[in-house]
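First the structure, in the form of structure tokens, and then the observations on it.
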Amino acid sequence: MSVDLRDWVRNVPDHPQPGIQFKDLTPIFAEPAAFRAAINWFTDQVAKIHPDVIAAIDARGFVFASPVADRLGIPLALVRKSGKLPPPVIKNQYSLEYDDLSVIEMRSDALTEGQRVVIVDDLLATGGTAVAAAELAEELGAHVVAQIFLVELAFLNGRERITSRDPDCEVVSDIVYD
Ligand code: AMP
């Protein structure tokens, strides 16, 4: 079955707040051919970069990053919402497209000095989450060489937010909404 992944993204207007066009990816998870196509795409992108570690963002980032880490035999580090990881953790605060303030955390031993890290998430909106995750990785001494997303909401300029902070960080996405 040939899959155009864009056909499997469901737009939900005004969720979770009025004015937000929520991109629901559960139709991709529910259709094995679409899910495989998405994982194949992520695997190809990560393989080109040869990172030491994949850092996955809670929670839909986990869904995509886990099979990629398994297929490529690359360690997986978790970037989680506040209070989920056991100590010791490092924390970072950031704002979301539809949320005022959020906190993400990583285990202090999740990454080591000098590791090349790829960050994986389902969707790039304002880039707040991506930048906060990169800051955590860098606090642990790692280098974020790429950020990879299935979906990019280009009109929110998240790509620019990532690259203005780190021009060497590659930003890769598959389905772009202008
Ligand atoms: P941001 O930090 O603004 O780039 O937001 C990215 C994070 O929030 C990702 O983990 C997405 O899952 C989620 N997110 C933000 N905006 C949307 C949206 N319109 N549709 C679906 N998920 C979103």
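Note that the structure is predicted; figures quoted are calculated from it, not measured. Every number for a ligand or one of its atoms is a count from 1 in the order of the listing.
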Could you check K81, K91, R80, K84 and say which one makes a salt bridge (Lys or Arg N to Asp or Glu O under 4.0 Å) with E105?
K91
Considering both backbone and side-chain atoms of R60, is one of its nitrogen or oxygen atoms within less than 3.5 Å of a nitrogen or oxygen in ligand 1?
yes
May I ask you to check if ligand 1 and I57 share an N or O to N or O distance below 3.5 Å?
no
Name the orientation class of the two ring planes belonging to F29 and F64 (parallel below 30°, tilted from 30 to 60°, perpendicular beyond 60°).
tilted
Residue [X] vicinity, atoms of ligand 1 by number, heavy atom under 4.0 Å:
X    : value
T126 : 1 (P), 2 (O), 3 (O), 4 (O)
L153 : 19 (N)
D121 : 9 (C), 10 (O)

Candidates L25, L123, D122, T129; heavy atom nearest atom 23 (C) of ligand 1 found on L123
Report yes or no: is the cationic atom of R6 (NZ for Lys, CZ for Arg) under 6.0 Å from the centre of the six-membered ring of Y177, at an angle within 45° of the ring normal?
yes
Please give me the minimum heavy-atom distance between A133 and I57, naming the atom from each residue.
CB-CD1, 3.8 Å
What part of Q21 sits under 4.0 Å from ligand 1 if we count only heavy atoms: the side chain, the backbone, both or neither?
backbone
Would you check if the distance from the ring center of F42 to the ring center of F149 is below 6.0 Å?
no
When you look at L140 and T112, which way does the side chain to side chain contact (heavy atoms under 4.5 Å, CB included) test go after all the steps?
CA-CA 6 Å; L140 296 174; T112 54; over 6 Å; no
G127 touching ligand 1 at heavy-atom level, < 4.0 angstrom:
yes
